[in-house]
Amino acid sequence: MSEEKSHNFIEEIIENDLKEGKYKSIVTRFPPEPNGYLHIGHATSIWLNFGVAKKYGGYTNLRFDDTNPATEETEYVESIKEDVKWLGYEWKNEHFASDYFEQLYEFAVRLIKKGLAYVDDSTSEEIAAMKGTPTEPGKDSPFRGRSIEENLRLFEEMRAGKYPDGARVLRAKVDMASHNMIMRDPVLYRIKHAHHHRTGDQWCIYPMYDMAHPPSDSIEEVTHSLCTMEFIPHRELYDWLLENIESFPSHQYEFARRNLSYTVMSKRKLLQLVQDGYVESWDDPRMPTISGMRRRGYTPEAIRDFCERIGVAKRDNLVDVGLLEFCVREHLNKVALRRMVVFDPLKVVLTNYTGAVEMLEGEENPEDENSGSREIPFGRELYIEREDFMENPPKKFFRLFPGGMVRLKHAYIIRCDEAVKDENGNITELHCTYIPESKSGSDTSGINVKGTLHWVEVTNAITAEVRLYDRLFKVEDPSNEEGDFKDYVNTESLQTLSAAYAEPSLKNARLNERYQFLRKGYFTLDNKDTYSRLVFNRTVTLKDAWAKEQKKG
RNA sequence: UGAGCUAUGGUGUAACGGUAGCACUACAGAUUUUGGUUCUGUCUGUCAAGGUUCGAAUCCUUGUAGCUCAACCA
């Protein structure tokens, strides 16, 4: 293992800081706002924050940025915690920005006392108008010159509930002519008579992101505060604030958020998909949410591997969802139990098979010698996949056709003698001959066949519902197309088969167990346990070289 | 068009002035009782133009393109 592993730019910064003795150990934090579900984009941030802290012997806090009571709920807190844990990460401390409200208030008072913050009576429209534009400087608010005493009194009164929502705000006094719009006297506190999910009705003023986030990092002595690129302009204010409240100097570093092809990532857009009924819920298996991917059967190992492979940098990106699927397949191939399930049945009658049903043996997982085996009943009547038979096969068709031979997996070689049809010419069943000497494991027939089919014995078959998922969108980057992103939803992204025929061992299918349905894909039991029947979600298909061959024409 | 950030194969990411590498994809082949897996090989790249240097993806200059910033959201 002498192979040199390259570092991403965050790791370089940290190693440098450690080498220069800037910090003895490092602290990071993952700071979700509890107003929605986590998605694969958050997974990168989680992987980064927890990953670097662990790598360099530090730790990571989970901190909920709950400064906006209007949108935040405890329900989200719980789902976020569950998702982070499921991904395999452990936080050192669990915090809420709302735990710091008293301290944040004191910090604000400190700013006022230094003449660095003032109460502004302007309306939000007036403040916006005075802000200027990126090309023109802003104008000072008429309230900018208030005395420290008056500001102190007014801010206290704001807290005491003397004013209605929107009547006044507390603003930082920085620079109305700054090129950086964030520095043009940003709002620090607003009045909101709203019930908070944790502090109840204790407060009627709430800090803005810029007042809450940097001091929260500082209180926790976070050394490396990692966020996405759109916060770059906030860094100047971040530093200004921590310097002026004279608190621990945390530092902010920005990385580019990851985008995934054939999906959307913003909470707003995901919410629309749920509300407008394009998907059934936040944890619909087609959603790029952590809970959706979990329900679909993706594994934490695969998701972590994916994050590792795409890495982190600062440029715009659109990661190919094919890489995620590769990571999922790679892991599932190692752990999934093999089973046989026929989706679209065609009956096969073995005309020379006269015995009773016999039990055959099939390995649980060929990739794992210790996985053991399962029993599979075999008999005179079987189901095979309708698409595995063709009357007039094209070249390179290795499956069944009149006069052709195939191996039935774990069983015998059969030859197709006749396709039986109804009066309309539809094939109703196949009459075949099996080769008794060709039994799997003790084949003395000397026959070599190209194709191997999966199958299920008719009398022992059980039925299961199978849900096949495809990409949620028809285009790579729906957010970048003309018009509404919802116009590009793939309306055929879910196909439900209500009664597939499965081998009987699947009767004992367990939640969280992964299965490979031979030649079909990876599947797992749906985690909504409200069903009295078996419902399997397709996690991802197998690679299909034959489909590719056919496409070539 | 003020300011900021970013530009390396189809995609993602390395190379820290010294042979442009890795992974995915694609393609070709071998193996295979899953047209899966595994294995082998092949194609494709430094945004542009100048400059500095023995030597530039890397440093400098000037362009070009994409993204971000004017919420009492985070």
Side-chain angles (χ1 to χ4, degrees), chain A residues 3-8 12 31-33 35 65-68 70-72 120 122-124 127-129 131-138 165-171 178-182 184 187-192 205-206 208-210 212-213 227 229-236 254 256 258 261 267 308-327 329-330 333-334 338 340 366-367 396-399 406-411 413 438 440-441 443 448-454 476 516-521 541-550:
Chain A
E3 193 177 310
E4 207 152 300
K5 188 84 164 53
S6 59
H7 293 152
N8 62 52
E12 272 180 30
E33 184 188 12
N35 70 344
D65 238 332
D66 57 347
T67 58
N68 185 1
T71 58
E72 295 151 5
D120 195 330
S122 311
T123 64
S124 63
I127 289 176
K131 204 128 215 177
T133 69
T135 53
E136 307 158 42
D165 287 6
R168 297 181 212 270
V169 292
L170 182 74
R171 286 228 259 171
S178 173
H179 287 303
N180 183 351
M181 300 292 290
I182 302 294
R184 320 244 262 227
V187 172
L188 263 22
Y189 266 91
R190 78 281 211 184
I191 300 172
K192 244 180 208 210
I205 57 172
Y206 291 95
M208 300 287 291
Y209 168 84
D210 289 305
H213 201 107
C227 62
M229 300 281 282
E230 63 273 24
F231 289 94
I232 288 177
H234 293 258
R235 187 178 60 226
E236 197 179 348
E254 310 86 8
R258 319 311 304 203
S261 64
K267 281 184 200 168
E308 183 82 39
R309 284 170 187 265
I310 61 180
V312 61
K314 297 183 81 158
R315 63 182 103 129
D316 294 333
N317 59 81
L318 183 62
V319 182
D320 188 349
V321 70
L323 181 61
L324 212 207
E325 292 172 344
F326 168 83
C327 295
R329 285 191 190 104
E330 188 174 61
N333 178 49
K334 294 192 195 109
R338 312 293 135 125
M340 294 198 285
E367 304 294 318
K396 294 201 229 172
F397 185 80
F398 305 154
R399 307 177 185 184
V406 292
R407 154 83 57 188
L408 294 178
K409 181 75 179 175
H410 301 309
I413 292 174
S438 68
S440 218
D443 184 354
N448 260 321
V449 293
K450 271 275 181 88
T452 301
L453 308 186
H454 63 280
E476 267 204 324
Q516 185 197 99
F517 294 175
L518 252 49
R519 305 206 302 139
K520 286 294 181 185
T541 59
L542 256 24
K543 274 216 283 194
D544 191 345
W546 171 238
K548 200 179 277 180
E549 181 69 32
Q550 283 175 303

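Only this structure's heavy atoms are used, side chains among them; waters, hydrogens and symmetry mates stay out. Here is the naming used below: chain letters follow the sequence lines, and residue numbers restart at 1 for every chain.
Across all strands shown, A:Met340 has no heavy atoms under 4.0 Å from either base or sugar-phosphate atoms. Contact annotation for A:Ser124: base contact, defined as any heavy-atom pair under 4.0 Å involving a base atom. Among the heavy atoms of the strands, none lies under 4.0 Å from A:Pro31. If you check every strand for non-hydrogen atoms under 4.0 Å, A:Val312 touches sugar and phosphate atoms only. Note on A:Ser122: a base of the nucleic acid sits closer than 4.0 angstrom, heavy atoms only. Nucleic acid contact for A:Gly311: none, since no nucleic acid atom lies under 4.0 Å from a heavy atom of the residue. A:Tyr206 comes within contact range of no nucleotide atom at all, as no heavy-atom separation falls under 4.0 Å. Among the atoms of the strands shown, only primed sugar atoms or phosphate atoms (P, OP1, OP2) are found under 4.0 Å from some heavy atom of A:Thr67. Across all strands, A:Arg168 comes closer than 4.0 Å to no nucleic acid atom at all (heavy-atom distances). When heavy atoms are screened at a 4.0 angstrom cut-off, A:Gly441 is found touching base atoms of the nucleic acid. Residue A:Glu136 is classed as having no contact, given no heavy-atom separation below 4.0 Å to the nucleic acid. Using a 4.0 Å heavy-atom cutoff across all strands shown, A:Lys192 reaches sugar-phosphate atoms only and no base atom. Across all strands shown, A:Asn317 has heavy atoms under 4.0 Å from sugar-phosphate atoms exclusively, and none from any base. Counting non-hydrogen atoms under 4.0 angstrom, A:Val187 reaches the backbone sugars and phosphates but no base.
Between the P atom of B:rC5 and the CD1 atom of A:Ile182 lies a distance of 15 Å, rounded to the nearest Å. Rounded to a whole Å, the CZ atom of A:Phe517 is 14 Å from the C1' atom of B:rU34. Rounded to an integer number of Å, the gap from A:His454 NE2 to B:rU37 P is 17 Å. Atom CG in A:Leu518 sits about 5 Å away from atom C1' in B:rU34, given to the nearest Å. Between the CD atom of A:Glu325 and the P atom of B:rU11 there is a distance of 18 Å, rounded to whole Å. A:Asn180 has its CG atom 8 Å from the C1' atom of B:rG4, to the nearest Å. Atom NZ in A:Lys314 sits roughly 7 Å away from atom C1' in B:rC5 (whole-Å rounding).
For B:rG12, the base has no donor-acceptor partner in the side chain of A:Arg258 [N/O atoms by modelled type, under 3.5 angstrom]. Judged by distance alone with a 3.5 Å cut-off, a donor-acceptor contact links the side chain of A:Ser440 to the base of B:rU33. Side-chain N/O atoms of A:His234 and base N/O atoms of B:rA74 include a donor-acceptor pair closer than 3.5 Å. Residue-to-nucleotide contacts include a donor-acceptor pair under 3.5 Å from the side chain of A:Glu367 to the base of B:rG36.
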Can you tabulate the close N/O pairs, meaning under 3.5 Å, that link protein atoms to atoms of nucleotides 41-44 of chain B?
none

Write down the protein N/O and nucleotide N/O pairs, taken from nucleotides 66-68 of chain B, whose separation is under 3.5 Å; answer none if there are no such pairs.
unit_1, atom_1, unit_2, atom_2, d
B:rC67, O4', A:Asp316, OD2, 3.2

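Each of A:Arg407 and A:Asp120 was assigned the nucleotide of RNA chain B with the nearest heavy atom; the assignment lying further toward the 5' end belongs to A:Arg407. For A:His179 and A:Lys131, each mapped to the nucleotide of RNA chain B holding its nearest heavy atom, the one lying further toward the 5' end belongs to A:His179.
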Notebook entry, point to check: Stepwise, does the side chain to side chain contact (heavy atoms under 4.5 Å, CB included) test hold for A:Ile182 with A:Arg184?
Noted result: CA-CA 6 Å; A:Ile182 302 294; A:Arg184 320 244 262 227; over 6 Å; no
Item checked: Residue pair A:Glu308, A:Cys327: steps toward the side chain to side chain contact (heavy atoms under 4.5 Å, CB included) verdict -> CA-CA 10 Å; A:Glu308 183 82 39; A:Cys327 295; over 6 Å; no
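Residue A:Arg190 has a polar side-chain atom (N or O) positioned under 4.0 Å from OP1 or OP2 of B:rC73. OP1 or OP2 of B:rU8 lies within a sub-4.0 Å distance of a side-chain N or O belonging to A:Arg315.
Partners of A:Glu33 under the side chain to side chain contact (heavy atoms under 4.5 Å, CB included) rule, at least two apart in sequence or in another chain, are A:Asn35, A:Asn68, A:Thr71, A:Glu72, A:Lys267. Under the ring-ring contact (aromatic ring centres under 6.0 Å, His included) criterion, A:His454 pairs with no residue at all, not counting sequence neighbours. Listed by chain and number, the residues in a ring-ring contact (aromatic ring centres under 6.0 Å, His included) with A:Phe231 are A:Tyr209, A:His234 (sequence neighbours excluded). Not counting sequence neighbours, the partners of A:Tyr189 by the ring-ring contact (aromatic ring centres under 6.0 Å, His included) test are A:Phe155. Checked against side chain to side chain contact (heavy atoms under 4.5 Å, CB included), A:Thr133 has the following partners two or more places apart in sequence or in another chain: A:Thr135, A:Glu136. Looking at residues two or more places apart in sequence or on another chain, you find a side chain to side chain contact (heavy atoms under 4.5 Å, CB included) between A:Ile232 and A:Met229, A:Glu254. Under the side chain to side chain contact (heavy atoms under 4.5 Å, CB included) criterion, A:Val169 pairs with A:Asp120, A:Ile127, A:Arg171, A:Val187, A:Arg190, not counting sequence neighbours.
Contact between A:Pro366 and A:Arg338 at its shortest, heavy atoms only, is CD-CG, 3.6 Å.
Within the 4.5 Å cutoff, the side chain of A:Gln516 has heavy atoms near those of the A:Leu542 side chain. A heavy-atom distance below 4.5 Å is found between the side chains of A:Ile413 and A:Asp443.
Between the CG atom in A:Leu408 and the CE atom in A:Met340 there is a gap of 8.0 Å [rounded to 0.5 Å]. Separation of atoms OG (A:Ser261) and CG (A:Asp320) is listed at 4.5 Å; rounding is to 0.5 Å. Atom CG in A:Asn333 sits 11.0 Å away from atom NZ in A:Lys543 (nearest 0.5 Å). Remark: A:Arg519 CZ to A:Leu453 CG distance equals 5.0 Å, nearest 0.5 Å.
Residue A:Ile127 places its side chain closer to B:rC72 than to any other of B:rA14, B:rC72, B:rU34. Nearest nucleotide to the side chain of A:Thr452, out of B:rG36, B:rA71, B:rU33: B:rU33.
The ring of A:Trp546 lies on top of the base of B:rG35, close enough and flat enough: under 5.5 Å between centres, under 30° between planes.
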Note to self: I need a per-nucleotide contact map over nucleotides 19-32 of chain B, read 5' to 3'. Cutoff is protein heavy atoms under 4.0 Å; write B for the base, S for backbone only, - otherwise.
What the structure shows: ----SSSSSS----
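A stem is defined here as three or more consecutive Watson-Crick or G-U pairs, each with both distances under 3.5 Å; for RNA chain B these stems are B:2-7 with B:64-69, B:10-13 with B:21-24, B:26-30 with B:38-42, B:47-51 with B:59-63.
Under the side chain to side chain donor-acceptor pair (under 3.5 Å) criterion, the residue pairs touching residues 309-318 of chain A are A:Asp305-A:Arg309, A:Arg309-A:Glu330, with sequence neighbours excluded.
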